[in-house]
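All values derive from a computational prediction rather than experimental measurement. Positions are given from 1 along the sequence.
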Amino acid sequence: MLTKELMERIVAKNPGEKEFHQAVHEVFESLEPVLKQHPEYLKAKILDRIVEPDRQVMFRVTWVDDKGEVQVNRGYRVQFNSAIGPYKGGLRFHPSVNLGILKFLGFEQVFKNALTGLPMGGAKGGADFDPKGKSDAEVMRFCQSFMSELYRHIGPNTDVPAGDIGVGAREIGYLFGQYRRLNNRFEAVLTGKGINWGGSLVRPEATGYGCAYFCEEMLRTKKQDLKGKTVAISGSGNVAQYAVQKVTQLGGKVVTMSDSDGTVYDPDGIDAKKWEFVMDLKNVRRGRISEYAQRFGCEYWPGERAWKAKCDIAMPCATQNELEKDDAKRLIDNGVIAVSEGANMPCTPEAVELFLANGVLFAPGKAANAGGVATSGLEMYRNHIGISWSAEEVDRQLHQIMVNIHRNVADSAKKYGSPGNYVVGANITGFVKVASSMLDQGVF
Ligand code: NDP
Ligand code: 2IT
């Protein structure tokens, strides 16, 4: 491997950042044929440069809880690469957040954003704050304190954060309010905003919808579609919720949803009525998915994942490395034909290898979940030119973007000798766009 020695140096230089190593390794593996044909990338040390974030900010976030006690968290923003546009990427609030996880997410974001065809660089940020069990007032005070440092590093043409795990409409509202207050400017510094203050219709839906659209495109290459297919989905947050809705609208039957406590298995399918229950449970009452099983009398698998359900299609929509080798084996034994990653890097490398070796259509997150950030890009553009679009118009653009991503990724895979391998196709397509832009702009 041309990149073997560099990979070793990256691991030594970034100790303990195992998710970051994993993400870089996957990209490097895919790039071999490109590097052979284009030695100029190696000569200009593009790989050495692309794995080093432009800048990473870490800061203290101090806030007062409802009992009057002072709490201290750690906040981050990793601004990875802005060769093709302002930094763009979500904020994650979860107790597991650390620099390595945010670097993996920021690194992936660089390539994902390039795939959308929109001018966006890559970044990620967040904090080791756990919004679970906190009151609205606590979440607001945390967000205000977080933005009191972050605001000086971001801006509409510099860096535009959005949501991710633990950051949804409520958090974006508090963050935007604090930014506006500190800067005395109303500007498009975040996406995922409320509809009344600059947000885009269909942004909440976009990641889940896009994941289903991408899956349809993959199935189309085998003259199939989602109609009549049984689908296992993990997670029950933003991405999972709208993946469930779109798969159902397209004629599929979703039989699972999950959270970090366990999985519900509903062989009758999560229809529109049951879906409304989930929306209220997760977004209003902020309860656990086990309540679904109590309400509808289906199976609940405490502490277990969705992947033991028999299904034609799997959509992991919760978190990284949530689908491992044994899960992949089980899915393959049960006849899975396609896997579309709604989450970022949910399948381990061993699981991906098994899917590819067994002819399962496999869509990596940077392609399949790019609909979210693409619609964020549409929101930014809309804010800049001061117009608004109907839900139908945004959905049409989102659908077209997913069709384009599928085509471009499939074309690259074929061109570089791995037809049908969307991992290779996505990494190469994203890389070539960013790397050639870096070459154009000189050495720095
Ligand atoms: P949410 O916070 O809305 O939902 C996350 C869901 O995943 C919850 O059901 C949560 O369960 C579950 N989950 C989180 N961490 C774990 C864990 N360690 N083990 C098991 N389950 C877990 O986040 P999103 O839906 O926004 O994000 C889901 C995934 O999609 C992430 O990988 C994110 O990076 C990715 N993504 C999100 C986009 C977006 O626009 N929001 C865009 C592209 C990708 P619990 O409530 O119990 O924690
Ligand atoms: O991982 C992702 O692409 C996101 N969390 C969405 C980022 C964005 O800027 O909309």
Side-chain angles (χ1 to χ4, degrees), residues 10 14 16-28 50-58 74-82 85-116 120-129 131 146 150 153-154 159-168 171-172 190-192 206-207 210-211 235 237-239 316-323 341-349 352 364-374 376-377 423 426-427 430-431 434:
I10 291 166
N14 302 278
E17 299 180 354
K18 62 181 191 319
E19 292 86 359
F20 178 57
H21 305 160
Q22 183 183 333
V24 172
H25 189 265
E26 182 209 278
V27 170
F28 279 11
I50 214 165
V51 297
E52 201 63 41
D54 288 355
R55 154 180 331 101
Q56 20 192 7
V57 191
M58 285 169 69
R74 184 173 290 173
Y76 306 80
R77 187 72 178 163
V78 180
Q79 297 179 332
F80 226 104
N81 190 297
S82 61
Y87 303 108
K88 180 85 196 90
L91 296 171
R92 176 176 291 192
F93 291 169
H94 194 270
S96 65
V97 162
N98 60 39
L99 188 60
I101 288 180
L102 295 178
K103 280 176 67 182
F104 119 64
L105 289 163
F107 184 71
E108 294 264 303
Q109 199 82 41
V110 172
F111 304 99
K112 183 197 305 191
N113 293 3
L115 289 176
T116 65
M120 298 181 288
K124 203 82 186 190
D128 61 355
F129 170 75
F146 181 84
L150 186 69
H153 306 290
I154 62 176
D159 183 356
V160 182
D164 194 78
I165 291 177
V167 178
E171 290 75 18
I172 294 291
L190 292 165
T191 58
T207 312
C211 183
N238 173 265
V239 179
C317 296
T319 194
Q320 64 274 0
N321 295 328
E322 54 156 317
L323 195 164
E341 291 189 330
N344 287 306
M345 208 167 76
C347 300
T348 62
V352 176
K366 33 172 112 61
N369 73 37
V373 74
S376 279
V423 177
N427 287 333
F431 173 80
V434 176

Nearest heavy-atom neighbours spanning A123 and R77: CB-NH2, 3.5 Å

P161 and V167, any side-chain heavy atoms less than 4.5 Å apart: no

For the residue pair N98 and E17, establish whether any side-chain heavy-atom pair is separated by less than 4.5 Å. no

So how far is it from E26 CD to F107 CZ, rounded to the nearest 0.5 Å? 9.0 Å

Trace of the side-chain contact (heavy atoms from CB on, under 4.5 Å) decision for D54 with S82: CA-CA 8 Å; D54 288 355; S82 61; 3.6 Å; yes

Side chains of V51 and K103 in contact at under 4.5 Å (non-hydrogen atoms): no

For G342, does its backbone N or O pair with a side-chain atom of N369 as donor and acceptor, under 3.5 Å? yes

With side chains defined as the heavy atoms from C-beta onward, is the minimum distance between Q109 and F80 less than 4.5 Å? no

To the closest 0.5 Å, what do you measure between NZ (K88) and CG (D159)? 8.0 Å

pair Q22-N321: side-chain heavy atoms closer than 4.5 Å: yes

Would a 4.5 Å heavy-atom cut-off, applied to side chains only, mark V97 and K124 as touching? no

G121 backbone acceptor or donor facing N113 side chain under 3.5 Å: yes

Closest heavy-atom contact between C317 and E322? N-OE2, 3.5 Å

G168 backbone acceptor or donor facing E171 side chain under 3.5 Å: yes

Can the ring centroids of F146 and F93 be said to lie less than 6.0 angstrom from one another? yes

With a 4.5 Å cut-off on side-chain heavy atoms, are Y76 and I101 touching? no

Contact summary for A114 and G430, nearest pair of heavy atoms: CB-O, 3.8 Å

Rounding to 0.5 Å, atoms CG (N427) and CG (L115) come to a distance of 8.5 Å

Hey, mind stepping through I10 and F20 against side-chain contact (heavy atoms from CB on, under 4.5 Å) and telling me if it holds? CA-CA 10 Å; I10 291 166; F20 178 57; 4.1 Å; yes

Using modelled atom types and a 3.5 Å cut-off, is there a donor and acceptor pairing between side-chain atoms of Q79 and backbone atoms of H153? yes

Flag, side chain of H21 to backbone of N14, donor-acceptor distance under 3.5 Å: yes

Hey, could you give me the NZ/CD distance between K366 and E341, rounded to the nearest 0.5 Å? 8.5 Å

Would you please say whether a donor-acceptor pair under 3.5 Å links the side chains of E108 and N344? no

Within this structure, what is the CZ-CD1 distance for the pair R92 and I165, rounded to the nearest 0.5 Å? 3.5 Å

Determine the sole option in T116, L190, T191, V160 for which the side chain to side chain contact (heavy atoms under 4.5 Å, CB included) test with S376 is passed. T191

Nearest 0.5 Å, what's the CG-CG distance between D164 and L105? 6.0 Å

